[in-house]
Undergrad: 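What follows is a single structure, and I will ask about it in a moment.
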Amino acid sequence: MIFNYDVIVVGAGHAGCEAAAAAANLGAKTCLITMDMNKIAQMSCNPAIGGIAKGQIVREIDALGGQTGIVTDRCSLQFRMLNLSKGPAVWSPRAQCDRGKFIWTWREILENTPNLNIWQDQVKELIIENQEVQGLITYYGAEFRAKCVIITAGTFLNGLMHIGRVKLAGGRCSEPASLELTESITKHGIRSGRMKTGTPVRIDKRSVDFSLMEKQEGDHSFHKFSYMPSEHSAVSEEARNNLPCWICYTNKDVHDILRSGFADSPLYNGQIQSIGPRYCPSIETKLHTFPDKEEHMLFLEPEGETTNEMYLNGFSSSLPLDTQLNALRKIPAFRNLQVYRPGYAIEYDFFDPTQLTHSLESKIVKNLFFAGQVNGTTGYEEAAGQGLIAGINAAINCNASLNNGEPFILKRNEAYIGVLIDDLVTKGVDEPYRMFTSRAEYRILLRQDDADMRLTERSFKLGLASKERYEMMLSKQEKINAIIDFASNFSIKASIINPALEALGTSPLRQGCKLDELLERPQINIKNILPHIDTFRKEVNKILEKEERSEEILECAEIKIKYRGYILREQQMAEKMIRLENIKIKGKFDYPNLTQISIEARQKLQAIQPITLAQASRIPGVSPSDINIMLVLMGR
C-alpha cells in the first residue's frame, strides 16, 4: 500500500517531535514514523530539560512556536535557574521532569496537531531517484511517498549496547536497533561514522539512605520555560516546589573497585572504537583522566512524581554489572542499594554534518534533511532545536509561498540554534557536540530572558508562531520599553534617596542623577529600590496593571538597563560581521585552482562549499589572510 505525504519524519525523539509539529503547523501534510508510540520524546538519559546554554535553546524553540518549553513546564518537578551568581548572559534555565508524563504530554500534542499522522513501524530503506528523495519503505511493507524526508533516528542506527563484555543490538535499553537504514543512505554518497554515548544505573529510591546525602532544592521563583503565561505545570505545586535532587560523592573504595573492572571495560579493552562525549564522560573516563582525584560528585535525580525510579547523574558507565553495583555500595548512602538496571554504553551511526546546508538539507540528496544525534550532537535540547529548523525548512520546500521560498536560517547573532547549526555544517564534529555559552561570540545578545523578542516576529511572519504569541511579545516589549524610558528620564535627588542607598549598602549620591544610572549599580535593582521612590512605584504599577508576567518584564528591563553598554558593543560587533555574511561566494571560486590561498584552505573550502564569506572565515584551516585574498578577488 502507498501513502502520500508532503513531509515524513523518521524517528519520534526530541528532534522528530519538533520537526513533525513544525512542518504540520506550517500546513504540510506530515507523517511521523516511530517504532513505539509509547516512547515518543523518551528522555533516554537524564530526566531533565535545559542547563547551561541548553536552556537558552529551549526558550528559543518556545519563542519560535515550538513545543518543548510548553511540555517541560507541564511536566516539571523542580525548576532551577543556573548561574544566577554570574551575569545574565549565562543564566540558564533547567527543569527536572516527570519522564512518563513528558512522553504522554508530547503524544497528546502530536495526536491533536492538524495535518499530522503517526505511523508505528520501522523504516527499512529510502526511495531516492536522481539524487532526490521520493519516500521510503518500512518493515511492514508500507510504501510512503513524500516531497521531503527528515531523518531523526537518534542512537538507533546500527545501535550496539555494551555492559562490560556483553554486547546487545539496540537503540536504547530493550528497544531494537535500526539495522538497514544507514546503508540505504550511504550508498547514495553520504558519509557516515560511529559515535558513542552512555547512561547510568537506575536506582530504587527505597534502598537509598537520604539522611547521608545533601539535599538540593529547586527555585521558588517565577521562572519557567514557555513565554506563554497560560501554560503552567500540570504536576502538583507541592511536587514542583519540593521534590528535591540529592548529592553524594564517590570515594577511594569506589574508585578501587571501578579500576578493578577496567580490563572488562569496553572503553579500554578495544571493544569500543568510536568517539565518546568529552563533556559528559563516563565514570571510568573520569578516573582515567583525573587519576589523583579522590572523589567525584554525583546527583541523584527523581524520574517522576510517583515512581521510585531515580537517575544517578555523573555515573554513566559501561563497566560490568557486578563492578557497577559493588562500587556503588561503597558509598554510605547506597550501602543497601537496589537498582532497576545497570548503566551501559551505546555505539551508533551518525552522518558528517558538513554534508548539510544551514537549512539542514543534504547537499547530496535533494529534500533529504537530518536533525539531532544523527548529525553528531548530544542532548535533547540540541536535537529539538535542529528538528524545529529541519521541519520548518522541509515545509518551505513543499510550499514556496512560505518565507518567499527562502530557507529559514538563524544567524549566530540571532540564536544559539544558529550557532549550533553553523558550527555543525561549517566545522563538522570530531566528538559528540554539546552546546555551551562559550561557543557563542554574542552571548549577551542571546540571553534566555529575551528569546521571544529576538525570534517570535520572524516565526510569526513565517506562519509558525501564533498571533496570540506575537501580540504577547509586542505587549511585553512595549512595557519593558516604557519602564526603561521612565528610568532614563526620571531624576533622583541625592538628599531624598541617600538614606535608602546607605541602607542597601551602596555609596550615597553627591548630586542628583537619572534613575537608570542608579540602577546600573550592582547593589541596586528595581525590586529593592521601588519602595523608596513613590513616583517610580506608581508608574511601574500602572504599566504592569493586570500583567501576569510582571516579574519577567521587570527582570528583562533591569538587564537591559544594567548591561546596555555591553549589549550595544556586541550589536556593533555583530553588524560588522553581517557585512561578511552579505558577501555571497558560493559558486564564485574554483577552489582547487585558487593558488593564492593555502592548500589547506583550498581543501577545506572545496569540501564545505560555504555560502558566504563569513561562513568561510569560520572554517578551521581558513586563515584571515585567506579571507582577505578572497575579498580582493571578489572586488576584481
Side-chain angles (χ1 to χ4, degrees), residues 1 3 5 7-21 23-24 30-45 47 67 71 99-111 113 116-127 133 135-144 146 149-161 167-185 192 194-195 197 199 341 344-351 368-375 377-378 380 383-384 386-387 390-391:
M1 189 170 184
F3 300 91
Y5 286 93
V7 176
I8 295 173
V9 180
V10 180
H14 301 268
C17 288
E18 286 290 1
T30 304
C31 184
L32 175 62
I33 300 179
T34 177
M35 291 184 187
D36 188 348
M37 289 175 63
N38 297 318
K39 297 290 179 64
I40 284 174
Q42 167 76 297
M43 292 173 143
S44 308
C45 207
Q67 305 298 317
V71 174
R99 184 191 299 273
K101 190 173 183 63
F102 198 91
I103 292 170
W104 288 98
T105 303
W106 250 116
R107 178 167 168 174
E108 178 187 355
I109 288 172
L110 294 173
E111 286 188 325
T113 297
L116 177 58
N117 293 336
I118 302 174
W119 178 264
Q120 185 168 293
D121 198 348
Q122 187 173 347
V123 175
K124 186 175 184 180
E125 64 176 309
L126 297 184
I127 301 171
V133 73
L136 53 83
I137 297 172
T138 73
Y139 275 87
Y140 288 170
E143 182 176 326
F144 288 79
V149 173
I150 306 173
I151 304 295
T152 67
T155 61
F156 281 78
L157 298 178
N158 292 318
L160 182 64
M161 298 182 293
K167 293 190 286 187
L168 300 167
R172 263 191 310 244
C173 183
S174 301
E175 297 181 58
S178 177
L179 298 177
E180 299 182 60
L181 186 54
T182 296
E183 291 69 23
S184 169
I185 294 170
S192 69
R194 294 285 277 176
M195 280 190 174
T197 189
T199 191
R341 64 170 173 80
Y344 62 88
I346 182 168
E347 291 183 283
Y348 57 94
D349 293 337
F350 79 101
F351 302 99
L368 178 61
F369 293 79
F370 295 84
Q373 282 187 273
V374 293
N375 286 340
T377 62
T378 179
Y380 314 139
Q386 293 173 70

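Only a predicted model underlies this, so the values are computations on that prediction, with no experimental measurement involved. What's counted below: heavy atoms across the whole structure, side chains too, no hydrogens, waters or symmetry copies.
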Undergrad: Looking at V123 and L181, what are the two nearest heavy atoms and their distance?
TA: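 Scanning both residues completely, I find the closest heavy atoms to be CG1-CD1, 3.9 Å.
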
Undergrad: Hey, are the side chains of N158 and L179 touching, using non-hydrogen atoms and a 4.5 Å cut-off?
TA: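 In contact.
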
Undergrad: Roughly how far, to the nearest 0.5 Å, is the SG atom of C17 from the CG atom of L32?
TA: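 L32 atom CG to C17 atom SG measures 6.0 Å (nearest 0.5 Å).
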
Undergrad: Nearest 0.5 angstrom please: L116 CG to I109 CD1, how far?
TA: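 One gets 11.5 Å once the value is rounded to the nearest 0.5 Å.
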
Undergrad: Find out whether Y5 and N117 are in side-chain contact, i.e. whether some heavy atom of one side chain is under 4.5 Å from a heavy atom of the other.
TA: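 Sidechains of N117 and Y5: in contact.
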
Undergrad: Is the shortest side-chain heavy-atom distance between L368 and I151 below 4.5 Å?
TA: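 In contact.
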
Undergrad: Which pair of non-hydrogen atoms, one from W106 and one from I40, has the smallest distance, and what is that distance?
TA: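 Reported closest heavy-atom pair: CB-CG2, 4.2 Å.
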
Undergrad: Closest heavy-atom contact between W119 and A142?
TA: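 It is CZ2-CB, 4.1 Å.
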
Undergrad: For residues C45 and T199, report the shortest heavy-atom separation together with the two atoms involved.
TA: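 Scanning both residues completely, I find the closest heavy atoms to be SG-OG1, 3.6 Å.
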
Undergrad: Find out whether M195 and T378 are in side-chain contact, i.e. whether some heavy atom of one side chain is under 4.5 Å from a heavy atom of the other.
TA: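 No, every pair of side-chain atoms sits at 4.5 Å or beyond.
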
Undergrad: For E180, is there any backbone N or O sitting under 3.5 Å from a side-chain donor or acceptor partner on S184?
TA: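 Not at all, since once roles are kept as given, no pair shorter than 3.5 Å links the two residues.
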
Undergrad: Just do the side-chain contact (heavy atoms from CB on, under 4.5 Å) check on D36 and Q42 with the steps written out, would you?
TA: CA-CA 10 Å; D36 188 348; Q42 167 76 297; over 6 Å; no

Undergrad: About how many Å separate CD1 of I137 and NZ of K124, when rounded to the nearest 0.5 Å?
TA: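 If I round to the nearest 0.5 Å, the distance is 8.0 Å.
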
Undergrad: Going from CZ on F144 to CG on D121, what distance comes out if it is rounded to the nearest 0.5 angstrom?
TA: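 Atom-to-atom, F144:CZ and D121:CG are 6.5 Å apart.
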
Undergrad: Could you report the tightest heavy-atom contact between Q373 and F350, atom names first, then the distance?
TA: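 In terms of heavy atoms, the two residues are closest at O-CB, 3.8 Å.
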
Undergrad: Which distance, rounded to the nearest 0.5 Å, do you find between the CD of E347 and the OG1 of T197?
TA: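 If I round to the nearest 0.5 Å, the distance is 11.5 Å.
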
Undergrad: Test side-chain contact (heavy atoms from CB on, under 4.5 Å) on M35 and Y139; report intermediate values, then the result.
TA: CA-CA 10 Å; M35 291 184 187; Y139 275 87; over 6 Å; no

Undergrad: Is the shortest heavy-atom distance from the side chain of Q122 to the side chain of F156 under 4.5 Å?
TA: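 The answer is no, as the side chains (C-beta and beyond) never meet within the 4.5 Å cut-off.
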
Undergrad: Is F3 close to T138 at the side-chain level, that is, under 4.5 Å between some pair of heavy atoms?
TA: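 Contact flag for T138/F3 side chains = no.
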
Undergrad: Examine distances only and state if a side-chain atom of Y348 and a backbone atom of A177 form a donor-acceptor pair shorter than 3.5 Å.
TA: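 Judged by distance alone, no pair lies under 3.5 Å.
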
Undergrad: How long is the straight-line distance from CD1 of I118 back to OG1 of T34, given to the nearest 0.5 Å?
TA: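 Going from OG1 on T34 over to CD1 on I118, the span is 8.5 Å.
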
Undergrad: Ignoring hydrogens, what is the shortest heavy-atom contact between Q120 and Y140? Give both atom names and the distance.
TA: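 The pair with the smallest heavy-atom distance is O-CE1, 3.1 Å.
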
Undergrad: Does F351 offer a backbone N or O that forms a donor-acceptor pair with the side chain of S192 under 3.5 Å?
TA: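 Judged by distance alone, no pair lies under 3.5 Å.
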
Undergrad: Ignoring hydrogens and angles, tell me if any N or O in the side chain of Q386 forms a donor-acceptor pair with the backbone of G372 under 3.5 Å.
TA: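 Checked: pair present.
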
Undergrad: Heavy-atom distance under 4.5 Å between the side chains of Q67 and T113, does that happen here?
TA: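 Side-chain contact under 4.5 Å: no.
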
Undergrad: Check whether T152 reaches the backbone of G11 with its side chain - one donor and one acceptor, N or O, closer than 3.5 Å.
TA: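 Side chain of T152 to backbone of G11: a pair is present.
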
